[in-house]
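Quick caveat: nothing in here was measured; it's all calculated off a predicted structure. Chain letters run A, B, ... following the sequence lines, proteins first and then strands; every chain starts at 1.
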There are 2 protein chains.
Amino acid sequence: MTAETKTTHHHGNLKEALVRAGIDLLEEDGLDGLTLRKCAARAGVSHAAPAHHFDGLSGLKVAIATEGFRIFSNYLESAAKGIDAPIDRLRAVCRGYLTFGLTHPGLLSVIFGSGLAAQKPDNREGDYAYNILRSVCAPFIPEGQNPQIIEIQVWSLIHGFTLLYLSGEFGCPPPPIEDGPFDQIIALLDRVGTLGA
Amino acid sequence: MTAETKTTHHHGNLKEALVRAGIDLLEEDGLDGLTLRKCAARAGVSHAAPAHHFDGLSGLKVAIATEGFRIFSNYLESAAKGIDAPIDRLRAVCRGYLTFGLTHPGLLSVIFGSGLAAQKPDNREGDYAYNILRSVCAPFIPEGQNPQIIEIQVWSLIHGFTLLYLSGEFGCPPPPIEDGPFDQIIALLDRVGTLGA
DNA sequence: GCATAAACTTGACAGTGTAAAGTCTAACTT
DNA sequence: AAGTTAGACTTTACACTGTCAAGTTTATGC
């Protein structure tokens, strides 16, 4: 019916519908609200239908994480768009990381919390997101040193900050991003930029 | 029977036994293995007994997190013991943070992943652990600035690194701590020490 | 047109959290 | 000392979960 690819038999493309339903449930009710049976019901199929497309619940989570990485990459890319100065690009991408986490906390936990790195070694969508981070880190790599050094530092910093902020450990609610403690890691981010000096 | 406090009626002190069983289950089978009914069975009581001591599963997790923070604090304290130079203390505590995460991944996820900060605002055990981090950060606070700045930076850095390392995102298995990428965040940790200069 | 394979349904089972009611034990009251 | 009361625990039950084993329908291939 639609202009989309409708090749399979009954439903159309149930696989995509289930992933979409799963993401919606994740955003509505959090990680506990993500259920195989609820995804099936929302897609209009019986409760056992997902088994023909995913390897159980963990398989669905891997598929959701794959799609989640695309959304994640969008946040990182659009945050850096139109910004030229390397240090400003680094700041912007990190801010995009945080914004994604605050906007899609359920997706974030599925992306990094489902052992996806172990279950899906060839994770192109994840690599794509990582390469965005890598590209904004590249200008700050000290000459002749391992590029991973900077990437791991920046990634750890913004990842930890996002998760701690999200879990309320910093004692302030998520809403105020602008004046929040995010500005306080900018200083360290700037230091990352001087590591090669 | 034992020298422990046995004041309550039937079991002795079921509350502690349930928390202990929960921690054991967590270490054996991970977060998915932590179940009210399994905790009850391991403590030798019926499956509905925990309801009289905790507010459901989330209540048990809060209790486990409270005990987990004590264990966590032990790692941080014993890591800093006998080390005098401020920068070495900072390094050692961060290494203790990582070691705890690698040794007790289930506890780590319960501590920071059960919304404990929201459910238990007066978290003394958590504050105690935070104060250890705070004390090793203190020597590096720039004059006249908000102490939180350094703490948030260091905490974000080591927290993010631990979680990413644990989930295999860095592409190397957890076992080798010594020569792993941990040494690569030491450089940034050292930069934290020069922020005031 | 028919065999075959895939998509999906139906039914069942073990395991989960949780609530309501009942039983027992210890402590408290008079 | 006997009876009352409150708490600890059990039993029973229910809704919900993931998962398996069969069926049933539908589209594809020959």
Side-chain angles (χ1 to χ4, degrees), chain A residues 1-2 4-22 24-26 28-65 106 109-110 113-116 119, chain B residues 1-2 4-22 24-26 28-65 106 109-110 113-116 119:
Chain A
M1 308 306 175
T2 69
E4 309 217 342
T5 61
K6 175 178 175 173
T7 60
T8 45
H9 303 255
H10 300 84
H11 179 280
N13 38 12
L14 179 57
K15 195 167 185 176
E16 289 182 18
L18 287 170
V19 170
R20 191 174 209 90
D24 290 347
L25 280 168
L26 213 46
E28 292 170 18
D29 304 329
L31 195 55
D32 293 340
L34 178 61
T35 285
L36 268 181
R37 289 173 111 104
K38 280 198 266 190
C39 286
R42 192 165 286 217
V45 294
S46 81
H47 67 268
H52 293 265
H53 296 279
F54 307 105
D55 183 18
L57 179 60
S58 67
L60 174 63
K61 283 183 178 172
V62 169
I64 289 177
S109 63
V110 169
S114 321
L116 184 134
Q119 292 188 41
Chain B
M1 308 305 172
T2 70
E4 310 217 341
T5 64
K6 176 178 174 172
T7 61
T8 46
H9 303 255
H10 301 84
H11 178 280
N13 38 12
L14 180 56
K15 196 166 183 176
E16 289 181 18
L18 287 170
V19 170
R20 192 173 208 92
D24 289 347
L25 279 168
L26 214 46
E28 293 171 16
D29 303 330
L31 196 54
D32 293 341
L34 178 60
T35 285
L36 269 180
R37 290 173 110 104
K38 279 198 266 189
C39 286
R42 192 166 287 217
V45 294
S46 81
H47 67 269
H52 294 264
H53 297 279
F54 307 105
D55 183 20
L57 180 60
S58 68
L60 174 64
K61 283 183 179 172
V62 168
I64 289 177
S109 63
V110 168
S114 321
L116 184 134
Q119 291 188 39

field: Nearest-neighbour nucleotide for the A:Leu57 side chain, C:dG11, D:dG18, C:dG17 considered
entry: D:dG18

- line: Testing D:dT17, C:dT18, D:dT19 for proximity to the side chain of A:Lys38, the answer is D:dT17

Whole-Å gap separating [atom2] ([N]) and [atom1] ([X]):
| X | N | atom1 | atom2 | value |
| --- | --- | --- | --- | --- |
| B:Asp55 | C:dG17 | CG | P | 14 Å |
| B:Asp29 | C:dG15 | CG | P | 14 Å |
| A:Leu34 | D:dG18 | CG | P | 8 Å |
| A:Lys15 | C:dC8 | NZ | P | 12 Å |
| B:Lys61 | C:dT16 | NZ | C1' | 12 Å |
| A:His47 | C:dG11 | NE2 | P | 10 Å |
| A:Asp32 | D:dC16 | CG | P | 16 Å |
| A:Arg37 | C:dC13 | CZ | C1' | 11 Å |

query: Less than 4.0 Å between a side-chain N and a carboxylate O, is that true for B:Glu28 and B:Arg42?
result: yes

- request: Let me know, please, whether A:Leu36 or A:His52 comes out on the 5' side of the other along DNA chain D by nearest nucleotide.
  value: A:Leu36

query: Just to confirm, is there a sub-4.0 Å distance from OP1 or OP2 of C:dT16 to any side-chain nitrogen or oxygen of B:Thr35?
result: yes

- request: Report yes if a side-chain nitrogen or oxygen of A:His53 is closer than 4.0 Å to either non-bridging phosphate oxygen (OP1 or OP2) of C:dC8; otherwise report no.
  value: yes

- request: Kindly check if the number of other-residue, nucleotide or ligand heavy atoms within 6.0 Å of CG (A:Asp29) is above 12?
  value: yes

message: Please find the pair of heavy atoms, one from B:Ala43 and one from B:Leu18, that lie closest to each other, and give the distance.
response: CB-CD2, 3.9 Å

query: Looking at A:Leu116, A:Asp55, A:Val110, which one forms a side-chain contact (heavy atoms from CB on, under 4.5 Å) with A:Val62?
result: A:Leu116

